[in-house]
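Down below is the structure, laid out as structure tokens.
Ligands are counted one by one from 1 in listed order, and the atoms in each one are counted from 1 as well.
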Amino acid sequence: MVANRLPVDSRTLPDGATEWVTSPGGLVTAMESVMRTVDSGAWVGWGGSPGEAPEPFEADGMSLYPVRLDQEDVERYYEGFSNATLWPLYHDVIVDPEFHRTWWDSYVTANRRFARAAGAVASKGGTIWVHDYQLQLVPRMIRDDRTDVRIGFFNHIPFPSVELFSQLPKRNQMLRGLLGSDLVGFQRESDAQNFLGAVRKLLGYQVDGQVISVPGVGAAPVREVLVQTFPISIDSEAVSALTEDTEVRERAAQLRRDLGDPHKIVLGVDRLDYTKGIRHRLKAWGELLNDGSIDPHDTVMIQVATPSRERVEAYRQLRDEVELTVGRINGDHAPIGRPAVSYQHRSFDRRDMTALFMAADVVLVTALRDGMNLVAKEYVASRPDLRGVLVLSEFAGAADELRAAVMVNPHDIDELKSAILRALAMPEEEQEEAMRSLRHQVMENDVQAWAHDFLQHLEQSGDPAHGTRPTVRLAGGDSTDPEALDRALEDFSDVPRILIASDFDGVLAPIVSDRDAVEPDPKALSTLRALSELPGVAVALVSGRALEDLDSHTGMPSSVVLVGSHGAEVGALPPWMQSEVLDSAALSMTPEKEDLLRSITENLRRIARAHPGVEVETKPSAAVLHTRNAKGRGSINATESALEYAVTLPDVTVTPGKEVVEFSVVHTSKGAAIDALARASAADAWLYLGDDVTDESVFAQLGDRDVGIKVGDGDTAAGYRISGPDQVGAALKRLNDLRRES
Ligand code: ADQ
């Protein structure tokens with residue numbers, strides 16, 4: 001589990017020792033009970049105090065891994081970007097979101113810290129569940145390092161409409177961050193639809209129902225991300241059971257006595273947040289008292305407002321306003337010795353909370369926008385006696401399920417006032433009928449069922465055994481014993497007919513920033529040339545570069561086959577190869593594809609003209625937008641225009657990379673090309689050298705006698721690794737010597 005907060009808060013005792021206490025909040029309430037039911041669960045999160053993170057520790061049967069956040073991180077990542085940018089933006093801009101670039105930088109750094117901690121803790125093939133808007137970049141950050149884990153993300157708050165979401169600077173990074181997941185979960189259908197819409201519109205990825213096809217970098221396989229709703233719930237049984245506790249019952253009765261035995265108690269329980277509609281509620285309440293519809297001698301309102309985000313300006317203002325309003329209402333209406341509104345600005349424990357719910361005749365949930373709202377469900381679970389009325393905002397996620405509540409639009413103060421009066425006057429039989437239906441919903445769908453459902457979908461969506469992801473044979477920096485590689489080369493050189501193929505950039509030549517200035521290793525190239533002249537040996541170079549480009553940089557003889565554009569272009573074949581194998585492959589262009597490519601090229605050129613420095617490269621089966629040399633925001637704007645255009649092209653493989661977007665009309669990969677070449681050359685086994693993710697499509701199909709060599713670091717499906725391009729020449733020379741001996 002990865003969440004901004006650990007389920008406990010650290011507190012320093014007078015003697016300097018640290019004490020851990022359960023921290024409040026919707027997510028913690030929901031997850032605590034779930035974590036206790038798994039065998040070896042770990043929770044990665046912040047302990048709640050800035051500064052050095054304590055060592056990992058056990059609490060309540062969970063392993064907790066604290067993440068460090070410094071004071072500046074707290075101010076920029078947490079209070080800033082999370083709570084003053086994302087929170088208001090995702091809640092329909094009830095207050096204006098603030099954007100600051102330093103906040104974003106800190107958001108990235110903090111997300112990376114959570115991602116690293118999670119990656120270090122998760123076991124091989126494990127499951128990582130990332131929670132909420134503070135950590136939207138974490139799924140992709142984990143995915144970049146760990147291809148073996150399943151990653152799920154659940155957004156506890158709403159996801160805004162694409163029009164609002166588009167305001168977010170770095171919006172596409174945010175979407176890509178989320179799409180590192182196998183499963184993205186939301187509270188309501190509208191949230192899921194908004195997210196799918198944003199992905200379609202802003203990234204141009206193909207969306208089929210609830211499944212997003214995320215193009216791999218280069219020709220890496222497409223990953224599928226499932227988007228689904230999982231309305232969160234509470235530990236219903238535990239809450240309901242508390243109502244049987246004699247002490248809790250006594251507290252509820254005492255509470256009523258303390259308030260002077262009013263006829264009716266109306267309750268609001270919220271974090272003191274502007275999304276919860278507390279001002280609207282108080283306004284309605286004040287007006288009901290003013291116009292005499294409510295008599296403060298027999299009806300009392302309790303407003304519990306948990307302190308929240310008090311260092312964020314909008315929250316300070318809200319607190320002032322709420323307290324001023326409560327003061328006014330009490331000044332105007334409270335009888336001596338008892339409040340008209342009893343205002344509680346502090347936390348209560350579960351038992352007190354349940355006692356409050358048991359005492360309340362009406363609970364007001366008037367959120368202007370809320371992911372779910374657990375208070376609504378807690379109230380229902382606290383009423384096995386089937387008494388009480390829930391007034392519920394249609395803007396809370398809970399409104400989708402709790403249909404039997406008294407629904408309101410909290411923006412309409414008149415409507416809110418009549419809903420309150422209706423709730424206060426509701427006959428017992430009607431209360432029972434509504435509460436029975438609400439309880440059925442809440443008791444049947446508890447938080448355990450929610451978590452189970454999410455994890456089950458996650459298991460199915462990201463199963464590495466069945467998915468598109470190849471197996472990882474060598475992780476990250478695992479190195480290969482040179483003797484093992486030598487033995488593999490010996491065995492391979494004994495195979496009668498072999499294909500030797502290699503990627504170009506990063507393998508035969510070090511990577512350079514100016515693509516045209518690439519300098520291949522002359523020894524490696526001459527060894528490949530020599531190998532291609534031996535009987536029973538086919539040699540090929542396979543690259544993402546266009547064929548012509550590859551040709552001009554390698555100057556290979558006709559005995560070496562050149563394959564460009566990630567497999568989409570194949571050069572002339574030596575006479576002994578069976579060319580029909582390649583012709584029949586899906587690699588070839590058709591007149592329709594030629595037309596499509598022409599129109600794509602024209603459109604990309606139009607985009608390039610509008611953004612100085614942006615260039616369009618044409619390949620025989622693809623057009624590529626290069627934005628590296630664009631001025632100012634040109635790179636971002638051109639990329640976005642291109643991706644928006646991509647939405648209109650369902651049959652084109654669109655691959656965004658680092659400051660490039662490639663539009664390919666031919667669906668192929670290096671893996672498909674090697675497969676075809678091996679058949680065309682009737683090879684009994686092949687050897688392939690590659691360094692980047694596009695080469696993984698080759699390694700993914702290694703047979704028993706084939707040899708895959710990964711050049712450089714990174715998880716790979718290859719069986720062997722050499723450290724860099726400077727080692728390639730020696731390996732090829734060894735192979736040449738062995739083959740000549742055999
Ligand atoms: P929150 O915005 O925190 O959660 P909510 O769902 O209402 O909102 O959960 C609040 C929790 O805090 C409830 O369990 C409530 O009982 C508890 N609480 C409130 N005041 C308290 C007090 N004074 N003392 C002790 N406990 C108190 C976010 C989203 C929600 C979503 C949840 C879960 O904003 O929409 O429902 O996550 O996904």
key: Aromatic ring proximity W43/Y65, centre distance under 6.0 Å   = no

request  = Decide whether W46 and D73 meet the rule of one side-chain donor and one side-chain acceptor closer than 3.5 Å.
outcome  = no

task = Output the list of atoms in ligand 1 that are nearer than 4.0 Å to some heavy atom of Q187, sorted by atom number.
result = 31 (C), 38 (O)

query = Centres of the F165 and F159 rings: under 6.0 Å?
reply = yes

note = For V304, the ligand 1 atoms with a heavy-atom partner under 4.0 Å come out as 23 (N)

query = With only distance considered, is F348 within less than 3.5 Å of ligand 1 through an N or O on each side?
reply = yes

request  = For S347, counting its heavy atoms only, list the atoms of ligand 1 lying under 4.0 Å from any of them.
outcome  = 22 (C), 23 (N), 24 (N)

query = For the residue pair H156 and F154, is the inter-centroid distance of their aromatic rings smaller than 6.0 Å?
reply = yes

ask   = Judged by non-hydrogen atoms, does W87 sit under 4.0 Å from ligand 1?
value = yes

ask   = Of all the atoms in ligand 1, which lie at a distance below 4.0 Å from a heavy atom belonging to V375?
value = 7 (O), 15 (C)

ask   = Are any of the N/O atoms in G371 less than 3.5 Å from those in ligand 1?
value = yes

task = Record the part of H345 in heavy-atom contact with ligand 1 below 4.0 Å; permitted values are side chain, backbone, both and neither.
result = neither

task = Identify, by atom number and element, the atoms of ligand 1 in contact range of R271, meaning under 4.0 Å from any of its heavy atoms.
result = 1 (P), 2 (O), 3 (O)

query = Among the heavy atoms of R346, does any lie under 4.0 Å from an atom of ligand 1?
reply = yes

message = Using ring centroids (six-membered ring only for Trp), state whether W104 and H100 fall under 6.0 Å.
response = no

remark   = Note: ligand 1 atoms sitting under 4.0 Å from heavy atoms of V269 are 19 (C), 20 (N)

ask   = Counting both backbone and side chain atoms, is some N or O of E378 under 3.5 Å from an N or O of ligand 1?
value = yes

message = Looking only at the side chains, is there a donor atom on one of S342 and Q344 sitting less than 3.5 Å from an acceptor on the other?
response = yes

inquiry  = As a check for students: among H131, R369, Q344, K276, identify the option with a heavy atom nearest to atom 1 (P) of ligand 1.
reply    = K276

message = Can you tell me how the ring of H280 sits relative to the ring of H411, calling it parallel under 30°, perpendicular over 60° and tilted otherwise?
response = perpendicular

ask   = Would a line drawn from the ring center of W129 to the ring center of H131 be shorter than 6.0 Å?
value = yes

request  = Would you check whether M372 has a nitrogen or oxygen atom less than 3.5 angstrom from a nitrogen or oxygen atom of ligand 1?
outcome  = yes

ask   = Given L282 and V322, is the side chain to side chain contact (heavy atoms under 4.5 Å, CB included) satisfied, shown in steps?
value = CA-CA 8 Å; L282 289 174; V322 164; 3.9 Å; yes

